[in-house]
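Following: one structure in structure tokens, then a few remarks.
Order of the sequence lines sets the chain letters (A, B, ...), proteins ahead of strands, with each chain counted from 1.
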There are 2 protein chains.
Amino acid sequence: MDEKDIQILKSIEELETTSTDAVSEATGIPISTVHYRLNNLREAGVITNDRLDIDLDELGLDITVLVEVFTKNEQNHRKSGPKIADIEGVTKVFFTMGETDFMALARLPSSESVERLISDFEALEDVSRTNSTFVISRELDSHYPLQQYTAETLVEELAE
Amino acid sequence: MDEKDIQILKSIEELETTSTDAVSEATGIPISTVHYRLNNLREAGVITNDRLDIDLDELGLDITVLVEVFTKNEQNHRKSGPKIADIEGVTKVFFTMGETDFMALARLPSSESVERLISDFEALEDVSRTNSTFVISRELDSHYPLQQYTAETLVEELAE
DNA sequence: CGTGAAATCGGAAGGTC
DNA sequence: GACCTTCCGATTTCACG
């Protein structure tokens, strides 16, 4: 894992494509080299399938944290949402009903980065309080929501 | 959106590939028909990119619910985890530190299905209590975690 | 190990049922 | 709308630096 690998992986996500061409053009790395690197990443277990999905544990982003966010002015949530979403490592931000104003999910590489994350939250003007929860194990972390349904249910609920 | 569309979409996720061949073989739907259908789904906005990611809102799974789960015997969480993960619609299950034992995330098509979800949770033997939270809006729902980092940070944290 | 050029494979487009 | 066939472009492989 070096800078080129990271450039390639990030480009794949950014461009939302599996095309080696597009990645090559965006990074300036020759097509055949992109291909060669991707093969290595595949063998190393970082890339897991034909859709070039990344195994975050293998990559090193193996810490998962849930952060409940309480804001000062509930009216301003439209302002706070984007700010929370901008914090490095945050992958999901939900504006919720009930006590908590926002629920955020983050993926992090180290314990130090958790401290950094929390202080980034606390530094936001509208945030009054946060409550962080470490995830011990991810029992299920599906990126493929349809797999959690039987075909029958999907047809029943969604077919027109 | 009909049964064939759903079969195709589900197969793409299941096989973890973007290959029309593989989908054709798995579903029994001819290659060119798969291709034709995918084009339509693309135009309809259900499929959003070259990686054939699905827009769950367009598909109709537009409700997001967070469920906190409290269990009776904390020792048994290894047994409970898979059971929770089996509930239809649940996409993520995290075993967490602190008060709550599990945090689950679900994607659902209708208000009725929310009721069904909660009763599925309550029906589990080891579950003592649940606390459900509706997500009003998803401020950020990235499927591409690396986008939440700058290239510099990633290199710094992950490069060897 | 990284790269350019040749070979191979798979998807895209158009016509037909 | 579903399907077959032709064609073209992309991916992969190979040989060399």
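- Looking at heavy atoms from C-beta onward, A/Lys92 lies in side-chain contact with A/Phe94 at the 4.5 angstrom threshold.
- The CG atom of A/Leu38 sits 16 Å away from the C1' atom of C/dC1 (whole-angstrom rounding).
- Between D/dG1 and B/Arg37, no contact under 4.0 Å exists linking OP1 or OP2 to a side-chain N or O.
- Between the CD1 atom of A/Ile31 and the C1' atom of D/dA10 there is a distance of 8 Å, rounded to whole Å.
- When distances run from any side-chain atom of B/Lys4 to the nucleotides C/dT3, D/dA10, D/dA2, the shortest one goes to D/dA2.
- In this structure, A/Ser32 reaches the bases: a heavy-atom distance under 4.0 Å links it to at least one base atom across the strands shown.
- Here C/dG10 presents its P atom at 11 Å from CD of B/Glu25, a figure rounded to the nearest Å.
- Taking CD1 of A/Ile29 as the start and OG1 of A/Thr20 as the end, the distance is 12.0 Å to the nearest 0.5 Å.
- The phosphate of D/dT12 has OP1 or OP2 within less than 4.0 Å of a side-chain N or O from A/His35.
- When the P atom of C/dG11 is taken as reference, atom CD1 of B/Ile12 falls 12 Å away, rounded to whole Å.
- Following rounding to the nearest Å, B/Ile8 (CD1) and D/dG1 (C1') show an atom-to-atom distance of 12 Å.
- Between B/Asn39 atom CG and C/dG11 atom P there is a gap of 13 Å when expressed in whole angstrom units.
- Residues A/Glu68 and A/Arg129 have side chains not in contact (no heavy-atom distance under 4.5 Å, counting atoms from C-beta outward).
- Remark: B/Tyr36 is in phosphate contact with D/dG1, judged by side-chain N or O atoms under 4.0 Å from OP1 or OP2.
- B/Asn40 places its CG atom 7 Å from the P atom of D/dG1, with the value rounded to the nearest Å.
- Between the side chain of B/Arg42 and the backbone N or O of B/Ile47 there is no donor-acceptor pair closer than 3.5 Å.
- Computed from coordinates, the B/Gln7 CD to D/dA2 P distance equals 12 Å when rounded to whole Å.
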